[in-house]
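So you know, we letter chains A, B, ... as the sequences are listed, proteins then strands, and number each from 1.
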Amino acid sequence: MRANDEAAAALQEYAELFALSGGDAFRVRSYQKAAKAIAGFPDDIAAVDVRGVPGVGEAIAKKMEEFLQRGSFRQLDDLRARVPEGVRRLTRVPSLGPKTAIMLYEEFGIDSTSALGEAIASGRLDGVKGLGPKTLANLLKGIEQLEQSSRRVHIGIATALAEQVMASLRAERIGHAGSLRRMKDTIGDIDILAVAPPSIMADFRAQPYVAEVIAAGDKKTSVRTTSGVQVDLRVVPAGSWGAAMQYFTGSKEHNVAVRELAVKKGWKLSEYGLFDGDRVIAAESEEDIYDALGMQYVPPPLRQGGDEVRAALRGELPDLVELSDLKGDLHTHTDLTDGIATLEDMVAAAHARGYAYYAVTDHAPDLTMQRMTLDKALEQRERLARLQERYPGMRLLHGTELNIAPDGSVDWPEEVLRGFDVCVASVHSHFTMSRDEMTRRFIAACENPYVDVIGHPTTRKIGKRAGVDADWDAVFRAAARTGTALEIDSYPDRSDLPSDLVRLARHHGVKFAIDSDSHAIPHLEHQRFGIGIAQRAWLTADDVINTWPLHRLLTFLGR
DNA sequence: GCCGTTTTCGGCCCGACTGTTTTCAGTCG
């Protein structure tokens, strides 16, 4: 993890603890704002003065400097000691905020979600002021949701941790396998393979990110990291690298299918190689193994144990969309609404990525907290037009992220919508409508001729909120019929659409936009996670509108 | 805590929703 992300996480934790200990709400907001700005700051704060980050003054700068020196700061240590861990977990329950968490702890001694569950079940909280029967029932439901989701982390967290682990170890060869390599949107634990001397295990156990050693052997060491995620490190022989990668990448179902192929030929496939008796047929590279079995190389995101093995035997695997196919980004924000970087900085960062086009899509007025007005949007359009002169090779598109109201309507009338190059439309509230109402809502949005892309369609937040309920077949048919693209929102805690729904939508003839939904410059890189979702859904470049050349994209947008 | 063409104090995104209450507190985006 970058120093910025670690420092921001510590500050964010401090903000939470500060709120839980009854601290001033404006100060809480200051800490949160600064944490967001530090995480999104393009330069390494270990290398530059952190006071240069907007929202960071003298007090926060001191805390961050202490953090960079010793991995914590005094005020954070104090609050960690004062606020029980269980109380912090209470606030992760949806609809349970700091006020209620403090009250439950101080009045009833409840310091964990399980204690809360028992207290509700036993009737101990019946008749408590502010906690009616509906609230208690909602809390129980929230606890259940939390317990189901808390064992896995989203791919953004897992990727950062895996990269940190690999960078911290010296090896002749090192790489990650498992569900992370298959680009699943959530990851249970991280598998790292290495070709290295035995001493790597001791080095691994001594790393500062290790909280607990679960198992320590010559071939495998398992630890729980300070972030709570388990990491397994396996040392493999150099000659078996490909076989080990193939074996530990999985999925289990994929490996069963591939091993059956080997058995049919009278061979044996293990993590040490593909063998005919004692003779090694292939072991050093995955490509050799798949080749020897008479099939195409199967890219990890496709190894799900579905029909990829059959397709690979027939030579019918798709030519998957790659990160390098993307020619632009169609959903990004600036500090005009809830982004933290200026229009000029976001555009410059997009240009540095070599895009052929780039859309700025700040929020529209119906999300009142964003304070957007038509005047502000038009002024931004002027600024963008002036910026365009500086970037002749990159077409700047002025867009907006509209809000889909419960009836499926959006923020502005047609004459205003007509003026945008691209309109993304997304659901941001009213998540609990009935399936029928929600389906009608999405279909109405698709039928709006100015809506080009449905943003983060299920609105799920991994570990926090389940997706909305809708008849997706009906929604996808409407999207295909109206020429409305569905977004693959690459922001890792969204990962939305999820790959199974992408595959279903593709079946209906839908096109997709792989967007970063960036609120800061580093977020532009998140598109790699969206590519993973697209690959798991077998998408080719032709399925993704932001791989298309500009003129084809503009034709699709109908502008 | 931060911030400043209304600068060193007094503001700080604010409206909707839910479940509770009998006029509102807490939570969320």
Tell me what [X] touches on the nucleic acid: a base, only sugar-phosphate, or nothing, going by heavy atoms under 4.0 Å.
X	result
A:Phe26	base
A:Asp338	nothing
A:Arg51	nothing
A:Leu367	nothing
A:Thr368	sugar-phosphate

Write down the distance separating the [atom1] atoms in [N] and [M], rounded off to the nearest Å.
N	M	atom1	answer
B:dG11	B:dA16	C1'	24 Å
B:dC9	B:dC14	P	24 Å
B:dT23	B:dT18	P	22 Å
B:dC13	B:dC24	P	24 Å
B:dG10	B:dG15	P	24 Å
B:dG1	B:dT6	P	28 Å
B:dT21	B:dG26	C1'	13 Å
B:dT20	B:dT27	C1'	13 Å

Specify the residue among A:Glu58 and A:His430 whose closest nucleotide of DNA chain B lies further upstream toward the 5′ end.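 Final value for this comparison: A:Glu58.
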Where each residue is assigned the nucleotide of DNA chain B containing its nearest heavy atom, which of A:Arg29 and A:Lys63 is assigned the position nearer the 5′ end?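 This one resolves to A:Lys63.
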Give the first and the last nucleotide of DNA chain B, reading 5' to 3', that has any atom under 4.0 Å from a heavy atom of chain A.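 Extent of the interface on DNA chain B: B:dG1 to B:dG29.
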Fit a plane to each ring of A:Tyr391 and A:His351, take the angle between them on a 0 to 90° scale, and name the class: parallel (under 30°), tilted (30 to 60°) or perpendicular (over 60°).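 Ring orientation of A:Tyr391 relative to A:His351: tilted.
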Partner of B:dC3 by Watson-Crick or G-U wobble geometry, both contacts under 3.5 Å, or none?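 Here B:dC3 is engaged in a pair, and the nucleotide opposite it is B:dG10.
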Side chains of A:Thr439 and A:Asp471: do they bring a donor and an acceptor to under 3.5 Å?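 No - no donor-acceptor pair under 3.5 Å links their side chains.
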I'd like to know if A:Arg80 and A:Glu13 make a salt bridge, using a cut-off of under 4.0 Å between side-chain N and carboxylate O.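 A salt bridge links A:Arg80 with A:Glu13.
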Student check: side-chain heavy atoms of A:Val468 and A:Met433 closer than 4.5 Å: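 Counting from C-beta outward, A:Val468 and A:Met433 never come under 4.5 Å.
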Beyond-backbone contact of A:Phe420 with A:Tyr450, side-chain heavy atoms, under 4.5 angstrom: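 No, their side chains stay 4.5 Å or more apart.
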With a 3.5 Å distance limit and no angle check, can you tell me whether A:Asp362 reaches the backbone of A:Thr334 through a side-chain donor-acceptor pair?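 Confirmed, A:Asp362 side chain pairs with A:Thr334 backbone.
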For the backbone of A:Gly399 and the side chain of A:Asp421, can you confirm whether one donor and one acceptor N or O come within less than 3.5 Å of each other?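 No; zero donor-acceptor contacts below 3.5 Å.
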